[in-house]
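Let me begin by presenting the structure, written as structure tokens, before commenting on it.
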Amino acid sequence: MPEMAILVEGVNKYYKNFQALKNVSFSVQKGECYGLLGPNGAGKTTMMKILYGRVFHSPSQGKISIFGLDPHKQSLEIRFLTGIVPQDDNLDYELSVEENLAIYSRYYGLARKYALSRIEELLDFMDLSDKRKANIRELSGGMKRRLIIARALLHSPKLLILDEPTTGLDPQVRHHIWDKLRILLREGVTILLTTHYMDEAFQIADRLMILHEGEKIAEGKPSELIQSHIEPYVYEIPQKKASSCQPSGYVRIEKSGEMIRYYAHDITVLQHLAECVPPGTGFIRQANLEDVFLKLTGRELHE
Ligand code: ATP
């Protein structure tokens, strides 16, 4: 039986009359990377903030345990086992890169000598050593993100919680951060992350939940979610330019925004459709998590 890092059972969350989370349950095993995938407003940040005690959650509205601890009664113990990478940039702009880390090391009560070597180690790990004296204003968006991750790792947490770790960053920086997260996973750190990027969820989550309007609508390994919910091939084309040919076999059609998507098990059926329009008008690709989301909700992740 795998050991649990996080257990969430039947959690509801209301902001006045608005229900932001509806009976959400999931569990994360130690050493696993679990993702919450959903569009803006799905309830991802609310779930994260409940877990790290930033949003009040009544115990009568579900059960939560982190490493067997109750966030209501043992929030301090949980804080020392957990590193938080919030969505907002909450760095101290009056301080340099290394001072930002030093101040947190004091918050965690790290002995001065140990703190200095840990800061060195983390600056190196996040490729920020040459920026140690820099002011936060001099850092790029990617560097700030890496510094926030370094800061969350100072006390060697067993669980790292990241809220949209790569939103707004360019593809190269995103891959760099994913590489670092993979190293942490290999070292046994448990990771919980939220994202609205299906490629991020696919790249690093061992398992994920798709969250829509506060509700869990699917859960599983990324590749299994695609296999179990969707046909493997998609032909995507602007509706105005859609093929007038009759499909030669089974296709399922989804219209969304300006696009029409034909889903099929047999790629040759899609190739036949594509031959009826001028080359380069549409394209055939493999199905992905975005398609799963579209099928389950009738909406796109980034509408
Ligand atoms: P994003 O990716 O934009 O951060 P999200 O999936 O993290 O979205 P949440 O921030 O958890 O979503 O918000 C879920 C819903 O709860 C939204 O409709 C939001 O407007 C609402 N909400 C969040 N915080 C509050 C609050 N403090 N008071 C009232 N409503 C809130």
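Remember, it's 1-based here, ligands and their atoms both numbered in the order they're listed.
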Any side-chain donor paired with an acceptor under 3.5 Å for [X] and [Y]?
X	Y	result
His176	Asp127	yes
Thr190	Tyr34	no
Glu164	Thr195	no
Thr45	Gln87	yes
Asn12	Gln19	yes
Gln203	Arg182	yes

List every atom of ligand 1 that sits less than 4.0 Å from any heavy atom of [X], numbering the atoms from 1 in the order shown and giving each element.
X	value
Gln87	4 (O)
Lys44	2 (O), 5 (P), 6 (O), 7 (O), 8 (O), 11 (O), 12 (O)
Pro39	6 (O)
Asn40	1 (P), 2 (O), 3 (O), 8 (O)
Phe18	15 (C), 16 (O), 18 (O), 21 (C)
Ala20	16 (O)
Ala42	5 (P), 6 (O), 12 (O)
Glu164	2 (O)

**Request:** Please examine the side chains of Ile161 and Leu159, heavy atoms only from C-beta on, and report whether any two atoms are closer than 4.5 Å.
**Result:** yes

For [atom], what's the nearest protein heavy-atom neighbour? Residue, atom name and distance, please.
atom	value
atom 12 (O) of ligand 1	Gly43 N, 3.2 Å
atom 23 (C) of ligand 1	Tyr15 CE1, 3.4 Å
atom 9 (P) of ligand 1	Thr46 OG1, 3.7 Å

**Message:** I'd like to know whether ligand 1 has Gly41 as a neighbour, heavy-atom separation below 4.0 Å.
**Reply:** yes

**Prompt:** Does the protein place any heavy atom closer than 4.0 Å to atom 20 (O) of ligand 1?
**Reply:** no

**Message:** Which label fits Tyr107 and Phe80: parallel for a plane angle under 30°, tilted from 30 to 60°, or perpendicular past 60°?
**Reply:** parallel

**Request:** Would you mind finding which of Leu21, Asn17, Thr45 brings a heavy atom closest to atom 7 (O) of ligand 1?
**Result:** Thr45

**Message:** Applying a strict under-4.5 Å side-chain criterion to I, L, V, M, F, W and Y, I'd like to know whether Val8 and Leu69 cluster together.
**Reply:** yes

